[in-house]
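Step one of this worksheet: look at the structure below.
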Amino acid sequence: MSRQIMLTSTLLLAVAVVLVPFYWLVVAATHSSAEVFGSPPPLLPGGHLLDNLAGLEAGVGFSRVVGNSLLIATLYTLLAGLVCTMAGYAFATYHFRGKEFLFGLLMLGLVIPSQVTLVPLFKMMLALDWLNTYQAIVLPNLALPFGIFLMRQSMSALPAELLSAGRVDGCGELRLFARVVLPPIRPALAALGIYLFLYQWNDFVWPLIALRTRDAYTIPLAIAALQGATETDYGQILAGTAVAALPMAVLFLLLQRHFVSGLLAGAVKE
Amino acid sequence: MTALASRAAPAKATRVRRLPAMKVAPYLWVLPAVALFAIFKIYPIVWSFWLSLFRTDGALQTFAGAANYQRLVADPLFWTALRNTGVILVVQVPLMLAVAVALAVALNSPLLRFRGFIRLGFFLPMITGLVAYGLLFAVLLNPQSGLVNWVLGLAGIPPVPWLTDTLWARIALGLALTWHYTGYNAVIFLSRLQALPKDLYDAAAVDGAGGWHRFRHVTVPGLRPVILLTLVMSTIGTLQLFDEPYVLTNGGPDNSTLTVGLYLYNNGFRYLDFGYASAIAYALAVIIGILGIVQFRVLGERT
């Protein structure tokens, strides 16, 4: 009884500490820069949220930036989802020459530092005249090794009778994929979708290099650029950060069951 | 996993018999992934090595052989960056993984209430973008008027020079990393704990093993493969560390939080020295490869 209370209250306290930055983000987003750094610092929400958002709009064209982020992340999620699911399907359900080699090659991407490719990718985009374009951001990471791995894992758990029954019934390959293979792995697809969206929504280094003008910026770039400005307005920066983080947090809370189980399907393999 | 394999094995046999006429199909399914990977990953990796053999002078590229690598070995800033990264690897990563193991054991305890809520709370930092949480920590840890120093002040502790002192800047970076990744690792450990056979614990209890002995002789060996996995993943992530120091400290003060990833970025995209940046990238890839192999050798052989 007392050990139960001690354990639970210790962990609740620890969670509270972990969640303080989130709480304070929301609070600070509603204050002016002067208030954020006032003494004592603000502990309750204030009345400056709309001012901060208006300042962001005037300073970096925030609505355009949010639009860029939404468009890029959505496009990326759909296309990368398709590429990874297709590859995962072949690796999970077919036997073909070179299968082990190709899968091993793709998984190499998990251990190769992404920095190795930054300079050549930049030169490639420069040569193609693709800097500041959506395709420059979306295309390079479509074949995401983790996504392919996750899809192969979840599809190899499908019963073989399901596939052979579909084929006996004269189901074409595309219909088999869409009608027989995808529906039962819907939880894994949800996990993949959230993961891909989060990954692209938060991605920083590559967009920082490939997007050179402000009207092409995504949210992380815009808020990082604000920090470099001569007079840094932290009220605005934190309002932008909250706009970037809170929708993701809500999405995550709604779908966390899928997300956590999907991540674990990828992580816990031996 | 074994259950999965035994289910997959007969499945393969049926499929092979049923699919003699569809030899092209699998290649069509993997084509987009393989083609994109070849164009945007493999080709740049090879190109990067080629670039590392050239010296960049403005727009001029001259073949220089191993000159960039020679420069690298003699570059004190590179060694500083490598040492900073190494410190995080040796101090922050083990501490974080130890906390994550303890957290996973606590989350797995039948005594714990509100388990779902607590697990979620620890996992939530993971979804925050690196730039977002870097900025947030920069404001929270502001030496003059940040929330953290204000709270410490309430307890009578003088303001800590987070971000402006070489030692404290490193600690701040470590705290931010720990906040972000501990819950994620704990959830991975937790799922492994839940898969450990219960009779092992029962047998240990029958043999009279106390809590600490059960942890030491049942939990830790059971977790070993996952500890190896998280250790390798954290190593790869740490060696590539870029976003957090870029946002939080920009490598300062006095290069105390300069990481290899940040140094590579500065050379490539601030000084536009692509050849040298590529050499740094390759040095990084080699270091990651060596550390990965060492970790698998040392920890892997006992699993």
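We name chains A, B, ... by the order of the sequence lines, and we start the count at 1 in each one.
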Do A:P21 and B:Y133 have side-chain heavy atoms sitting under 4.5 Å apart?
-> no

Do the rings of A:F122 and B:F269 sit parallel, tilted or perpendicular, given the 30° and 60° boundaries?
-> perpendicular

Side chain, backbone, both or neither: which part of B:F37 has a heavy atom under 4.5 Å from chain A?
-> both

Out of A:V119, A:T117, A:T241, which one racks up the most heavy-atom pairs below 4.5 Å with chain B?
-> A:V119

Counting only heavy atoms closer than 4.5 Å, note whether B:Y265 contacts chain A via side chain, backbone, both or neither.
-> side chain

With only heavy atoms counted, which part of B:L51 is less than 4.5 Å from chain A, the side chain, the backbone, both or neither?
-> side chain

Minimum side-chain heavy-atom gap A:L253-B:L124 below 4.5 Å = yes

Considering only heavy atoms from C-beta outward, does the side chain of B:P125 approach that of A:V18 to under 4.5 Å?
-> yes

State, with a plain yes or no, whether a side-chain heavy atom of A:K123 is found less than 4.5 Å away from one of B:W47.
-> yes

Are A:W24 and B:F137 close enough that their ring centers fall under 6.0 Å?
-> no

In terms of heavy-atom pairs under 4.5 Å with chain B, which of A:F177, A:Y234, A:F91 leads?
-> A:F177

Could you tell me which portion of A:L11 (side chain, backbone, both or neither) has an atom closer than 4.5 angstrom to a non-hydrogen atom of chain B?
-> both

Side chains of B:Y246 and A:V205: closer than 4.5 Å at any heavy-atom pair?
-> no

Between OG1 of A:T8 and CG of B:L112, what distance do you get to the nearest 0.5 Å?
-> 4.5 Å

Atom group of A:A14 that falls short of 4.5 Å from chain B, counting heavy atoms | both

A:N202 vs B:V131 side-chain heavy atoms within contact, under 4.5 Å | no

Heavy-atom contact with chain A under 4.5 Å, split by part of B:I118 | both

Chain A heavy atoms under 4.5 Å from B:I127: which part of the residue, side chain, backbone, both or neither?
-> both

Quiz: residues 24-36 of chain B side-chain donor-acceptor pairs under 3.5 angstrom, not counting sequence neighbours:
from	atom 1	to	atom 2	distance (Å)
B:Y27	OH	A:R97	N	3.2
B:Y27	OH	A:R97	O	2.7

Measure distances from B:L103 to the heavy atoms of chain A and classify the residue's part below 4.5 Å as side chain, backbone, both or neither.
-> side chain

Donor-acceptor contact present, side-chain B:S48 to main-chain A:V116, <3.5 Å | yes

Does atom CZ of B:R113 have more than 12 heavy-atom neighbours from other groups under 6.0 Å away?
-> no

Pairs under 3.5 angstrom only: tabulate donor-acceptor contacts from the side chains of residues 275-284 of chain B to other protein residues two or more places apart or in another chain.
from	atom 1	to	atom 2	distance (Å)
B:Y276	OH	B:D75	OD2	2.6
B:S278	OG	B:F274	O	2.9
B:Y282	OH	B:I45	O	2.6

Portion of A:I148 that has a non-hydrogen atom of chain B nearer than 4.5 angstrom = side chain

NZ on B:K41 to CG on A:L106, rounded to 0.5 Å = 11.0 Å

Heavy-atom distance under 4.5 Å to chain B: side chain of A:L43, backbone, both or neither?
-> side chain

Is it the side chain or the backbone of A:A249 that comes within 4.5 Å of chain B heavy atoms, both, or neither?
-> both

Determine the sole option in A:L142, A:N141, A:L139 for which the side-chain contact (heavy atoms from CB on, under 4.5 Å) test with B:F40 is passed.
-> A:L139

Interface check, chain A: of B:D243, B:T230, B:V151, most non-hydrogen pairs under 4.5 Å belong to B:D243

